[in-house]
Q: 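I am attaching a structure below and will ask some questions about it afterwards.
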Amino acid sequence: MVKKNLKYNLIWTLLAVLVYFVLFGLYNAGIITIFTDAIIVNIGINIILAIGLNLIIGFSGQFSLGHAGFMAIGAYAVAIITRENPTWLGYFVGILAGIIVAGAIALLVGIPTLRLKGDYLAIATLGISEIIRILIVNVDSVTNGPAGIFGIPFFSNWQIVYLFVVFSLIVVTNFIHSASGRAVLSIREDEIAAEAMGINTTKYKVVAFVLGAVLASVGGSLFAGYQQSVFPNDYGFMKSIDILIIVVFGGMGSTTGAVISAVVLGVLNMYLQDFGSLRMIIYALAIIIIMIFKPSGLLGTKEISIKAIFAKFGKKEEEINASTDGK
């Protein structure tokens, strides 16, 4: 079993390396322009944000609208620290600081709020996000208030974003397949039954919430390092909705669905740039049409699994051998 898992992990690693070198070749050949570079980087950041929110909504079954607030923490942590120390060390210290602060706040607010369910939890997490944004606006001496912070050094190139995407996927995938991940999934399926089996439901919901908040902070840090500026209005309610759309579109409870959704919507958004003010209308209609015909999202709760693909081909091979032997 260990050898099989090692084989599957090695295949995924090789695929990640292959994608990296394909992108590297396209960049070096000059095929990817400044415009397409922005699309690729934003797709990568959206993947990190989506798999973090999917962990909260899709896997633990908790409806959160506070993702933008945690994203703002990561963005401002990088902006404030690199303003004083505009080096790679300052950048990574900023990312780490954002992770610690976002994780701590998620832990503090998660314990009382995650006892709520449904609409009540959504309103509570939205309130947390707005509190974070309002604090950023009013602490002028640190955050520069509504004017935001300019002149952040350019650190978030596509290589750095790609590295964090791969790392985030590894963390989330391993968490889901761990004992804690299975406990989180059992809560999503039936919280009462999970409690009856002795699972501390509040504990595991908080764990998923904290991990999702940490990934949101990482996404915010990368976004700030690419945009080279931060503004409080960039992390409002609509930003949380944008991330939620990606999760729902891909399928709540599917990590690969979130990845595919972020790529599809990113490419769709790129091709709709020529439509000007009609772009958002066409974008919204496209999402509505797809959700009508595929309400569970692109993949639902399914995953693209190398293990399942090997098992399928192995089963077909056994059937062919059995039919050949029968003849």
Side-chain angles (χ1 to χ4, degrees), residues 15-54 67-68 71 74-75 78 91 95 152-169 215-216 218-231 233-236 238-251 255-290 297-299 304:
L15 284 172
V17 171
L18 177 63
V19 172
Y20 175 86
F21 279 108
V22 167
L23 287 171
F24 186 78
L26 292 172
Y27 271 94
N28 280 357
I31 295 171
I32 294 178
T33 63
I34 294 173
F35 175 69
T36 47
D37 173 68
I39 298 296
I40 289 169
V41 169
N42 279 299
I43 285 173
I45 293 170
N46 284 337
I47 287 172
I48 295 170
L49 295 169
I51 62 175
L53 185 59
N54 196 30
H67 225 51
M71 188 181 174
V78 162
Y91 176 64
I95 293 175
I152 302 169
F154 180 77
F155 288 117
S156 301
N157 54 38
W158 73 270
Q159 293 102 325
I160 293 294
V161 172
Y162 186 80
L163 180 67
F164 273 100
V165 168
V166 173
F167 181 72
S168 299
L169 286 169
L215 289 174
V218 171
S221 297
L222 295 172
F223 185 72
Y226 187 76
Q227 295 293 114
Q228 297 182 270
S229 61
V230 289
F231 303 98
N233 289 339
D234 290 341
Y235 308 99
M238 287 311 298
K239 189 63 184 178
S240 292
I241 296 298
D242 288 342
I243 306 164
L244 178 62
I245 287 170
I246 296 172
V247 173
V248 174
F249 185 79
T255 302
T256 45
V259 173
I260 293 169
S261 174
V263 173
V264 170
L265 292 178
V267 172
L268 179 63
N269 193 35
M270 177 180 70
Y271 281 106
L272 291 176
Q273 293 292 332
D274 295 334
F275 289 89
S277 58
L278 290 173
R279 179 172 61 89
M280 291 311 296
I281 296 173
I282 298 170
Y283 182 77
L285 284 173
I287 292 171
I288 290 167
I289 290 167
I290 291 170
L298 292 175
L299 292 185
I304 296 175

Q: For the backbone of Ala50 and the side chain of Asn54, can you confirm whether one donor and one acceptor N or O come within less than 3.5 Å of each other?
A: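 No, the answer is negative, given that no donor and acceptor are paired below the 3.5 Å cut-off.
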Q: Please report the shortest heavy-atom distance between Val267 and Ile43, naming the atom on each side.
A: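 Heavy atoms only, the tightest pair is N-CD1, 4.3 Å.
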Q: How close do Ala262 and Ile47 get, heavy atom to heavy atom, and via which atoms?
A: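 Distance-wise, the nearest heavy atoms are CB-CG1, 3.6 Å.
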Q: Begin with the C-alpha distance, continue with both residues' side-chain angles, and end with the deciding distance and a verdict on side chain to side chain contact (heavy atoms under 4.5 Å, CB included) for Val41 and Phe223.
A: CA-CA 9 Å; Val41 169; Phe223 185 72; over 6 Å; no
Q: If I compare all heavy atoms of Ala224 with all of Ala75, which pair ends up nearest, and what's the gap?
A: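 Shortest heavy-atom separation between Ala224 and Ala75 comes out as CB-O, 3.6 Å.
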Q: With a 3.5 Å cut-off and sequence neighbours excluded, list the donor-acceptor pairs that the side chains of residues 159-169 form with protein atoms.
A:
from, atom 1, to, atom 2, distance (Å)
Tyr162, OH, Ala16, O, 2.4
Ser168, OG, Phe164, O, 2.7

Q: Rounded to the nearest 0.5 Å, what separation is found between the CG atom of Leu265 and the CG atom of Asn46?
A: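 The distance works out to 8.5 Å.
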Q: For the CD1 atom of Ile40 and the CG atom of Leu26, what is their distance to the nearest 0.5 Å?
A: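 Those atoms lie 7.5 Å apart.
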Q: For Ile48 and Leu215, work out which heavy atoms get closest and say how close.
A: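 Smallest heavy-atom distance, with atoms named: CG2-O, 3.4 Å.
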Q: Using the side-chain contact (heavy atoms from CB on, under 4.5 Å) criterion, which residues pair with Leu18? Sequence neighbours excluded.
A: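 Per chain and number, Leu18 pairs via side-chain contact (heavy atoms from CB on, under 4.5 Å) with Val22.
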Q: When you look at Tyr226 and Trp158, which way does the side chain to side chain contact (heavy atoms under 4.5 Å, CB included) test go after all the steps?
A: CA-CA 9 Å; Tyr226 187 76; Trp158 73 270; over 6 Å; no
Q: Applying ring-ring contact (aromatic ring centres under 6.0 Å, His included), can you list everything that pairs with Phe35, at least two apart in sequence or on another chain?
A: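 Per chain and number, Phe35 pairs via ring-ring contact (aromatic ring centres under 6.0 Å, His included) with no residue.
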Q: Just to verify, what does Tyr91 make a side chain to side chain donor-acceptor pair (under 3.5 Å) with, not counting sequence neighbours?
A: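 By the side chain to side chain donor-acceptor pair (under 3.5 Å) rule, Tyr91 matches Ser156.
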Q: Could you state the interatomic distance from CG (Leu222) to CG (Leu49), rounded to the nearest 0.5 Å?
A: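 Here the rounded value is 8.5 Å.
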Q: Once side-chain contact (heavy atoms from CB on, under 4.5 Å) is applied, do any residues pair with Asp234, and if so which ones, sequence neighbours excluded?
A: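 Residues passing side-chain contact (heavy atoms from CB on, under 4.5 Å) with Asp234: Phe231.
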Q: Would you name the heavy atoms of Gly219 and Ile45 that are closest together and state the gap between them?
A: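 Scanning both residues, the minimum pair turns out to be O-CG2, 3.5 Å.
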Q: Check Ala68 against Lys239 and note the closest heavy-atom contact, atom names and distance.
A: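 The answer is CB-CB, 3.8 Å.
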Q: Rounded to the nearest 0.5 Å, how far does CE of Met238 lie from CG of Leu244?
A: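 Between Leu244 CG and Met238 CE, I get 10.0 Å after rounding to 0.5 Å.
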Q: Keeping the roles fixed (side chain from Gln228, backbone from Pro153), state whether a donor-acceptor pair exists under 3.5 Å.
A: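 Side chain of Gln228 to backbone of Pro153, a donor-acceptor pair under 3.5 Å: no, none is there.
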Q: What side-chain hydrogen bond (donor to acceptor under 3.5 Å, both in side chains) pairs are there with at least one residue in residues 15-33, not counting sequence neighbours?
A: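 Every pair satisfying side-chain hydrogen bond (donor to acceptor under 3.5 Å, both in side chains) with a residue in residues 15-33: Tyr27-Asp37, Thr33-Thr36.
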Q: For Ile246, does its backbone N or O pair with a side-chain atom of Ser261 as donor and acceptor, under 3.5 Å?
A: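 Confirmed, Ser261 side chain pairs with Ile246 backbone.
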